[in-house]
There are 2 protein chains.
Amino acid sequence: MADLVYRSVMRDIKQKILANEYQGMRLPDERSLSTSYQVSRSSIKRALGVLAQQGIIFKKRGSGTFINPLYLKNRSLFRYEGSNVGVTDSFKFGNHKQGIRLIDYQVVPASTDLQQDLFLDDNDFVYKIRRLRLVDDQPFMIETGYIPIKITPTLSPAIVKSSIFNYLENAKGKRVTKSFMSISVAPSKIEDQRLLKLKPTEPVGIMEGVFFLDDGTPFEVSNMRVHYKYMKYSTFVNLDQES
Amino acid sequence: MADLVYRSVMRDIKQKILANEYQGMRLPDERSLSTSYQVSRSSIKRALGVLAQQGIIFKKRGSGTFINPLYLKNRSLFRYEGSNVGVTDSFKFGNHKQGIRLIDYQVVPASTDLQQDLFLDDNDFVYKIRRLRLVDDQPFMIETGYIPIKITPTLSPAIVKSSIFNYLENAKGKRVTKSFMSISVAPSKIEDQRLLKLKPTEPVGIMEGVFFLDDGTPFEVSNMRVHYKYMKYSTFVNLDQES
DNA sequence: CAGTGGTCTAGACCACTTT
DNA sequence: AAGTGGTCTAGACCACTGA
């Protein structure tokens with residue numbers, strides 16, 4: 001993993017930032033970095049580009065490259081919870097025990113909405129999988145997922161009780177790294193209150209997502225209703241290069 | 001705007017995708033595009049890279065470049081509401097009238113939290129600005145913002161009643177394009193209920209953000225409490241190149 | 001005017017997928 | 001083996017910032 005030039009430069013610079021090895025919140029200019037790392041300026045640019053994308057540094061044409069002060073002061077924010085939450089199997093659990101209770105598992109015809117999102121035909125079927133997720137034995141999320149059977153005809157309740165994504169990656173060599181997420185808020189329904197142990201006045205966060213395989217095949221539609229105390233999505237937003 | 005090579009290639013390809021000019025959801029290979037557009041392959045790569053970043057296409061080493069089927073089917077999703085929500089003055093209002101009511105406007109010493117986030121000293125002061133935002137005369141968000149006076153000593157209630165970011169960009173030549181956002185959920189408080197016309201059982205979405213100037217200076221800390229019916233944050237997530 | 005990041009090129013070679 | 005995207009280089013030139 002990562003014997004790539006720009007990768008290792010990136011790691012090294014990141015480490016140096018954390019070790020406070022740069023003066024005045026400022027990095028050396030790209031040409032100096034290029035000679036000191038003995039790599040091309042393009043590779044330096046690429047490394048810095050990724051760091052900038054992640055909000056760790058800011059590049060300012062004509063002036064130089066600067067460290068985001070918040071990265072040093074408040075580093076936990078930069079752990080990309082955002083990108084991980086939503087990817088079903090990589091929620092952040094420090095030392096906490098994670099559990100899954102299977103609520104429902106069946107094969108049903110794909111609704112028209114699902115046909116749209118999963119790129120299916122009229123006669124296609126999907127797994128419908130409902131799971132209750134727990135941390136330290138506390139329920140925090142109801143997850144309803146739909147997966148086309150034609151993508152993974154070999155799913156089973158046993159697999160579904162642990163990590164579908166891990167199964168896919170390990171057994172099938174398919175990775176899920178892309179998703180389209182939509183986040184909203186709603187009062188809790190009776191079922192939410194029951195399963196998540198919520199009071200009637202307590203709300204849920206809703207995360208709806210479509211997950212894709214590496215080649216762009218839509219793989220899963222997921223609807224997650226999250227206990228409000230556990231609901232937190234953090235992300236760095238860069239409005240530059242859009243449209 | 002955008003006489004850049006990779007920009008115009010990007011726009012053209014995007015338009016061709018929408019016009020369905022590519023067969024079988026697949027783009028021509030990079031070398032062909034390079035010759036047909038008469039630009040270097042690097043520029044093609046860059047254009048495609050941005051489109052991939054936005055989730056419009058998928059690139060698969062060894063196989064080719066493919067159009068995200070959801071981009072064609074469900075294009076409204078790809079309008080990057082995500083990146084815009086949170087940037088205070090670019091919420092999505094189709095044809096809707098936008099309004100602002102100034103609730104509070106004062107200068108106060110920066111709390112220690114604010115000193116942290118805005119990179120301030122013990123004796124620094126900030127504007128504290130509370131605004132109620134409306135669409136079609138319906139209140140939908142309570143926004144509390146903190147801005148260091150030393151960054152914009154010339155703020156005024158009149159400016160604050162409209163767009164601070166526009167003022168900054170037009171009058172000061174400073175752009176705000178980057179932010180760190182954190183999204184959560186909470187039951188509504190009495191004040192939320194009063195200002196946003198919520199029932200006690202109805203919740204709010206909370207968006208907290210730190211906004212940065214182009215050079216990386218933290219510029220504003222903002223806390224937004226959003227009426228749950230108006231709360232929607234959508235974004236494309238790419239887990240590839242992380243860490 | 002010197003310094004800095006941004007864009008663009010042309011080409012070599014590598015890694016993976018498909019036939 | 002052929003085709004495709006990924007990495008990397010070396011260098012030219014541009015655009016902006018700041019002394």
Side-chain angles (χ1 to χ4, degrees), chain A residues 1-11 13 22-53 56-67 172-175 177-178 213-217 238 240-241, chain B residues 1-11 13 22-53 56-67 172-175 177-178 213-217 238 240-241:
Chain A
M1 172 74 76
D3 47 345
L4 299 182
V5 171
Y6 80 95
R7 282 278 174 198
S8 59
V9 169
M10 199 182 109
R11 273 203 314 278
I13 290 179
Y22 298 119
Q23 301 302 317
M25 306 303 288
R26 188 191 183 150
L27 267 58
D29 71 280
E30 298 181 344
R31 288 162 179 88
S32 311
L33 289 170
S34 170
T35 54
S36 73
Y37 279 103
Q38 285 291 295
V39 302
S40 74
R41 187 178 160 216
S42 316
S43 294
I44 296 292
K45 288 191 85 64
R46 184 157 187 184
L48 295 182
V50 177
L51 294 177
Q53 182 69 36
I56 294 172
I57 60 174
F58 294 91
K59 310 201 266 186
K60 186 105 200 280
R61 160 129 102 195
S63 319
T65 301
F66 305 87
I67 299 167
K172 300 284 189 174
K174 295 179 177 174
R175 296 216 315 147
T177 56
K178 298 176 174 66
L213 298 180
D214 267 354
D215 63 359
T217 315
N238 187 339
D240 274 343
Q241 177 176 77
Chain B
M1 171 75 77
D3 48 344
L4 299 182
V5 170
Y6 80 95
R7 281 277 174 199
S8 59
V9 169
M10 201 181 108
R11 273 203 315 278
I13 290 179
Y22 296 120
Q23 301 302 317
M25 307 302 290
R26 189 194 181 144
L27 266 58
D29 71 279
E30 297 180 346
R31 288 161 181 89
S32 311
L33 290 169
S34 171
T35 55
S36 72
Y37 279 103
Q38 286 290 297
V39 302
S40 74
R41 188 180 160 215
S42 315
S43 294
I44 296 292
K45 288 192 84 66
R46 184 158 186 184
L48 296 183
V50 177
L51 293 176
Q53 181 69 38
I56 295 172
I57 59 174
F58 295 92
K59 309 202 268 185
K60 185 104 200 281
R61 160 127 101 193
S63 324
T65 302
F66 304 88
I67 299 167
K172 300 285 190 174
K174 294 178 177 174
R175 297 217 314 147
T177 55
K178 297 176 175 67
L213 298 181
D214 267 355
D215 63 0
T217 317
N238 188 337
D240 274 345
Q241 175 177 75

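Quick note on labels: first sequence line is chain A, next is B, and so on, each numbered from 1.
- The shortest side-chain heavy-atom distance between A/Y22 and A/P28 falls under the 4.5 Å cut-off.
- Using a 4.0 Å heavy-atom criterion, one finds that A/K45 contacts the bases of the nucleic acid, with or without backbone contacts as well.
- Between B/L33 atom CG and C/dT9 atom P the separation is 13 Å, expressed in whole Å.
- When the side-chain nitrogen and oxygen atoms of A/R46 are compared with OP1 and OP2 of D/dC8, none of them lie within a distance under 4.0 Å.
- Exactly one residue among B/M10, B/R7, B/K45 makes a side chain to side chain contact (heavy atoms under 4.5 Å, CB included) with B/V50. That residue is B/M10.
- Between the side chain of B/R46 and the main chain of B/V5, no donor-acceptor pair closer than 3.5 Å is present.
- When rounded to the nearest whole Å, the span between CG of B/D29 and P of C/dA15 equals 20 Å.
- Atom CZ of B/F58 is separated from atom C1' of C/dT17 by 18 Å (rounded to the nearest Å).
- Of the inter-residue distances, the one linking B/T217 atom OG1 with A/F66 atom CZ reads 9.0 Å to the nearest 0.5 angstrom.
- Counting only heavy atoms from C-beta on, A/S63 has its side chain closest to D/dG18 among D/dG5, D/dG18, C/dG5.
- Each of C/dG5, D/dG5, C/dC8 was ranked by its minimum atom distance to the side chain of A/E30; first place goes to C/dG5.
- Between the C1' atom of C/dC16 and the NZ atom of B/K59 lies a distance of 15 Å, rounded to the nearest Å.
- For the pair B/F58/A/L213, no side-chain contact is recorded, criterion being any heavy-atom separation below 4.5 Å from C-beta on.
- The side chain of B/K60 places no N or O atom within less than 4.0 Å of a non-bridging phosphate oxygen (OP1 or OP2) of D/dT4.
- Taking atom CZ on A/R26 and atom P on D/dT17, their separation rounds to 14 Å, with Å as the unit.
- As rounded to whole Å, 12 Å separates atom C1' of C/dC8 from atom CD1 of B/I44.
- Separating the OG atom in B/S40 from the CD atom in B/E30 is a distance of 10.5 Å, to the nearest 0.5 Å.
- Residues from residues 35-43 of chain B with heavy atoms under 4.0 angstrom of DNA chain D, sorted by number: B/R41.
- Heavy-atom distances to DNA chain D give each of A/R31 and B/R61 a nearest nucleotide, and the one nearer the 5′ end belongs to B/R61.
- Distance B/D3 CG to D/dA15 P: 9 Å, rounded to the nearest Å.
- Side-chain contact between A/L48 and A/L33: present, with at least one pair of heavy atoms (C-beta onward) separated by less than 4.5 Å.
- Side-chain atoms of A/Y6 lie closest to D/dT7 of the nucleotides D/dT7, C/dA15, C/dT7.
- The nearest whole Å value for the distance from the CZ atom in A/F66 to the C1' atom in C/dG3 is 12 Å.
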